[in-house]
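The structure appears below as structure tokens.
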Amino acid sequence: MNLPTLLLLSALAADAAQPSGGQGLGPGAFADHMTPAQVDELIAIQEQGVAKLRQLGIQPKAGKVLGMRWPLAPEPGYGSDWIGVSNFVDLDSAFPESLRDYACGQRSYDTAEGYNHQGTDIFLWPFSWTLMDAGAVDVVAAADGVIVGKRDGSFDRECSFNSNPPNFVFVEH
């Protein structure tokens, strides 16, 4: 079983056009890849959750998931201009500096060591921590499904996978 695509919410926007007053970070200032041990742990959590569903007699629906929705929803009163996307999945397996996003553009990144970006980086803007503290935006499932794994408890302002276990929710669609 492959690790599902994880939606990574980040206040760090790299290589994106920064709005006036923004403070951008270069691509060398962060990394979004996990250690092999972390990947193995997440796969094991996902597999345990799926096995538990099967024991309870819950089977996923057959067919493709249709009608996916945006995974963030604002609370009333916060408007609609509060998010941005800094990078998309790198669909070009070559590296380094060989990039191709979903629109054949280059809004992605890779590393000289062979890592190709595997997520879509969505960030809150402006004042990301203020919006988070106010509960202005909810994270929602992109499609109907059943939760098969979750973890909470790590500091929500931790932006590195390699220092603490990430908070996450796995949904079987």
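A salt bridge (charged side-chain N to carboxylate O under 4.0 Å, His left out) check over residues 65-88, counting only residues at least two apart or in different chains, returns the pairs Arg69-Asp144. Pairs of residues two or more places apart, or lying in two chains, that qualify as salt bridge (charged side-chain N to carboxylate O under 4.0 Å, His left out) and include a residue from residues 124-135 are Asp133-Arg157. Note on residues 87-108: pairs passing ring-ring contact (aromatic ring centres under 6.0 Å, His included), not counting sequence neighbours, are Phe88-Tyr102.
Looking at heavy atoms from C-beta onward, Ile45 lies in side-chain contact with Glu41 at the 4.5 angstrom threshold. Using a 4.5 Å heavy-atom threshold, the side chains of Ser128 and Phe123 count as separate. Between Phe170 and Leu42, some side-chain heavy-atom pair lies under the 4.5 Å cut-off.
Here Glu113 pairs with Thr111 under the side chain to side chain donor-acceptor pair (under 3.5 Å) rule; sequence neighbours left out. When the side chain to side chain contact (heavy atoms under 4.5 Å, CB included) test is applied to Ala94, the partners found at least two apart in sequence or on another chain are Asp92, Ser98. A search for side chain to side chain contact (heavy atoms under 4.5 Å, CB included) contacts involving Val137 returns Leu72, Trp82, Leu124, not counting sequence neighbours.
One distance of note links CG of Asp121 with CG of Asn87; it measures 5.0 Å at 0.5 Å rounding. The CH2 atom of Trp125 lies 11.5 Å from the OG atom of Ser86; values are rounded to the nearest 0.5 Å.
Hydrophobic clustering of Ile, Leu, Val, Met, Phe, Trp and Tyr side chains at less than 4.5 Å, counting indirect connections, keeps Phe127 apart from Met132. No continuous path of ILVMFWY side-chain contacts below 4.5 Å connects Val89 to Leu99, so the two sit in separate hydrophobic clusters.
Here the shortest heavy-atom pairing between Val140 and Ala73 reads CG1-CB, 4.2 Å. Scanning both residues, Ala112 and Pro96, for their nearest heavy atoms gives CA-CB, 3.9 Å.
Between the side chain of Asp110 and the backbone N or O of Tyr115, no donor-acceptor pair lies under 3.5 Å. The main-chain N or O of Leu91 is never found under 3.5 Å from a side-chain atom of Asn116 such that the two would form a donor-acceptor pair. Remark: the backbone N or O of Asp101 is not paired with any side-chain donor or acceptor of Asp90 at under 3.5 angstrom.
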